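Working notes, beginning with the structure itself.
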Amino acid sequence: MSLFTFNVYAFEKQLNLQEAIQWTLKQNPELKIFDFKQTALIGREQIASLNPAYELELEAENFAGSGEFNTFDSAELTVALSSVIEMGDKRSARIGIVSKSRTLLTAEKEVSALNLMAQVTEKYVEVLAAQQRVILAENALSLAQETLEIVSQRNRAGATPEAEVKRSKAVIAQANLTLQSEQKRLEYLKLSLSAYWGETSVSFSRVTGDLFQFGNDSDFSSLFAKLEKNPAIQVYASEQRLKEAELQLAKTESTANIKWSVGVRRSQEANDTALVAGFSLPLFAEKRNSGAIASALAERDQVAIEKEATKLRFRNHLLRAYSNRKQAILTANSLKQSVIPMLEDALEDTQDAYQKGRYGYLDYVSARQELLNARRTLIDAASAALIYGAEIEKLTNEALSL
């Protein structure tokens, strides 16, 4: 019988990573906000597509004064209809801004979804690792109980002092505390995972998956080439198009609108009517609008610089995640393939030697603790490798090959 084995549990309800991601994308409030923003943009588009409004003007002159103007008989009444003729294709420019805003909003939603998927994946890996730590704590407790039995046998035979029995019992008490702590932490992490899709209680018993399956990475240059697929980079392309639309609108403002009016004027005194018409055109509109154009140009150019800065920052993040993942995989594989098997053999030999009196209690306990530490380090390295892998997937917007 192996001295250290991972137990297998029978759970009522299991959760896989795909289900966790699907529930999050469907129910997380952070993504639902975008639906309301999209509705708001639809309303803005309707407003932007409207032609200038018509205005009805009513004007009365020469009444309620003094002398011959103290009655309404000398009044002049004017009823006119007025509006604005938009010049420079302003309506099309307004619609273009809203259209580009909707495209940008879609890209921003993809970024939020990708970030949420990465967060859920990281939390899922933490739960997966916590399950293994609970199993490790149970194995540590079993080893401590087995040690107590062996020490007690030697004590009854007079080969071991009573102090070693007490120390073994203390180790069992500590192992129980560690197990309770790991169980509590597992429950907390499961609840944290459930919160991503809005649940306030845990509806699953365990998550499924192989903590020690890392997949195959591409080389760094290939991964770097995929950074362009990151929605966070695509957002800048959408934002740049929006800034171009804003610049176009700013340029249209350099062409002044023509305000016109047409109506009828009636003179009460002469009992006559006549048509009235007029128009107005602001002067020096282009000069007054030069500041707005310069500002729009600067904002457009700023987006291009921000895109390059973000790509550089993402490259550094990718390099860090790639290097750390490689190191974590190397550590995990080394522990799993060579270190832990040797420590298992060493513990078995040390236990046998201790029972025969060739090794002391500290040698036995030390061999047991070294094996537990290596198992714990394996869990840490494996979870780190998967979490760094999730970061790489977020940066490249592509799943690592399995």
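All values reported here derive from a predicted model rather than from experimental measurement.
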Pi-cation contact, [Y] with [X] (under 6.0 Å, within 45°):
| X | Y | result |
| --- | --- | --- |
| K311 | F314 | no |
| R167 | Y361 | no |
| R325 | F214 | no |

Please report the C-alpha distance between F204 and L193 in whole Å, then the side-chain angles of each, then the deciding distance to 0.1 Å, and finally whether the side-chain contact (heavy atoms from CB on, under 4.5 Å) criterion is met.
-> CA-CA 11 Å; F204 59 93; L193 178 61; 4.0 Å; yes
For the residue pair [X] and [Y], what are the closest heavy atoms and their distance?
| X | Y | result |
| --- | --- | --- |
| A232 | V111 | N-CG2, 3.4 Å |
| L242 | L104 | CD2-CD2, 3.7 Å |
| Y388 | A321 | CB-O, 3.7 Å |
| L116 | E30 | CD2-OE1, 4.1 Å |
| L378 | A332 | CD1-O, 3.4 Å |
| G209 | L128 | O-CD1, 3.6 Å |

For [X] and [Y], indicate whether the former's side chain and the latter's backbone hold a donor-acceptor pair under 3.5 Å.
| X | Y | value |
| --- | --- | --- |
| N28 | W197 | no |
| S338 | S334 | yes |
| K190 | S205 | yes |
| N230 | K394 | yes |
| T350 | A346 | yes |
| T147 | L143 | yes |
| T396 | I392 | yes |
| N316 | R313 | no |
| N16 | T208 | no |
| Y196 | T24 | no |

Inspect the surroundings of NZ in K169 and state if more than 12 heavy atoms from other residues, nucleotides or ligands are less than 6.0 Å away.
-> no
Within a radius of less than 6.0 Å around CZ of F220, do more than 12 heavy atoms belonging to other residues, nucleotides or ligands occur?
-> yes
Assess the side chains of [X] and [Y]: does a donor N or O sit below 3.5 Å from an acceptor N or O?
| X | Y | result |
| --- | --- | --- |
| S203 | E199 | yes |
| S82 | E57 | yes |
| R265 | T273 | no |
| E306 | Y236 | no |
| Q38 | R102 | yes |
| N373 | Q369 | yes |
| S112 | N115 | no |

Side-chain touch [X]/[Y], heavy atoms, less than 4.5 angstrom:
| X | Y | value |
| --- | --- | --- |
| R44 | R94 | no |
| D301 | I305 | no |
| V151 | Y354 | yes |
| I379 | L211 | yes |
| N324 | Q327 | no |
| R91 | I95 | yes |
| K109 | D35 | yes |
| V276 | T78 | yes |

Chi angles and distances behind the salt bridge (charged side-chain N to carboxylate O under 4.0 Å, His left out) call for R154, E164 = CA-CA 10 Å; R154 285 177 55 79; E164 291 186 1; 5.6 Å; no
Could you go through the salt bridge (charged side-chain N to carboxylate O under 4.0 Å, His left out) check for E126 and K123 one step at a time?
-> CA-CA 5 Å; E126 289 179 4; K123 188 64 66 176; 3.4 Å; yes
Could you go through the salt bridge (charged side-chain N to carboxylate O under 4.0 Å, His left out) check for R133 and D380 one step at a time?
-> CA-CA 9 Å; R133 289 191 181 96; D380 292 342; 2.5 Å; yes
Inter-residue atom distance [X].[atom1] - [Y].[atom2], 0.5 Å rounding:
| X | Y | atom1 | atom2 | value |
| --- | --- | --- | --- | --- |
| R320 | L395 | CZ | CG | 8.5 Å |
| S238 | I233 | OG | CD1 | 12.0 Å |
| I172 | S142 | CD1 | OG | 10.0 Å |
| E244 | I97 | CD | CD1 | 11.5 Å |
| M117 | I21 | CE | CD1 | 4.5 Å |
| K166 | N155 | NZ | CG | 10.5 Å |

Show your working on side-chain contact (heavy atoms from CB on, under 4.5 Å) between L17 and V207 and close with a plain yes or no.
-> CA-CA 8 Å; L17 178 57; V207 299; over 6 Å; no
Intermediate values then yes/no, side-chain contact (heavy atoms from CB on, under 4.5 Å), V79 and L56 = CA-CA 7 Å; V79 179; L56 181 64; 4.0 Å; yes
Should E344 and L371 be marked as a side-chain contact (heavy atoms from CB on, under 4.5 Å) after you check the CA-CA gap, both sets of side-chain angles, and the distance that decides it?
-> CA-CA 7 Å; E344 288 176 340; L371 176 58; 3.7 Å; yes
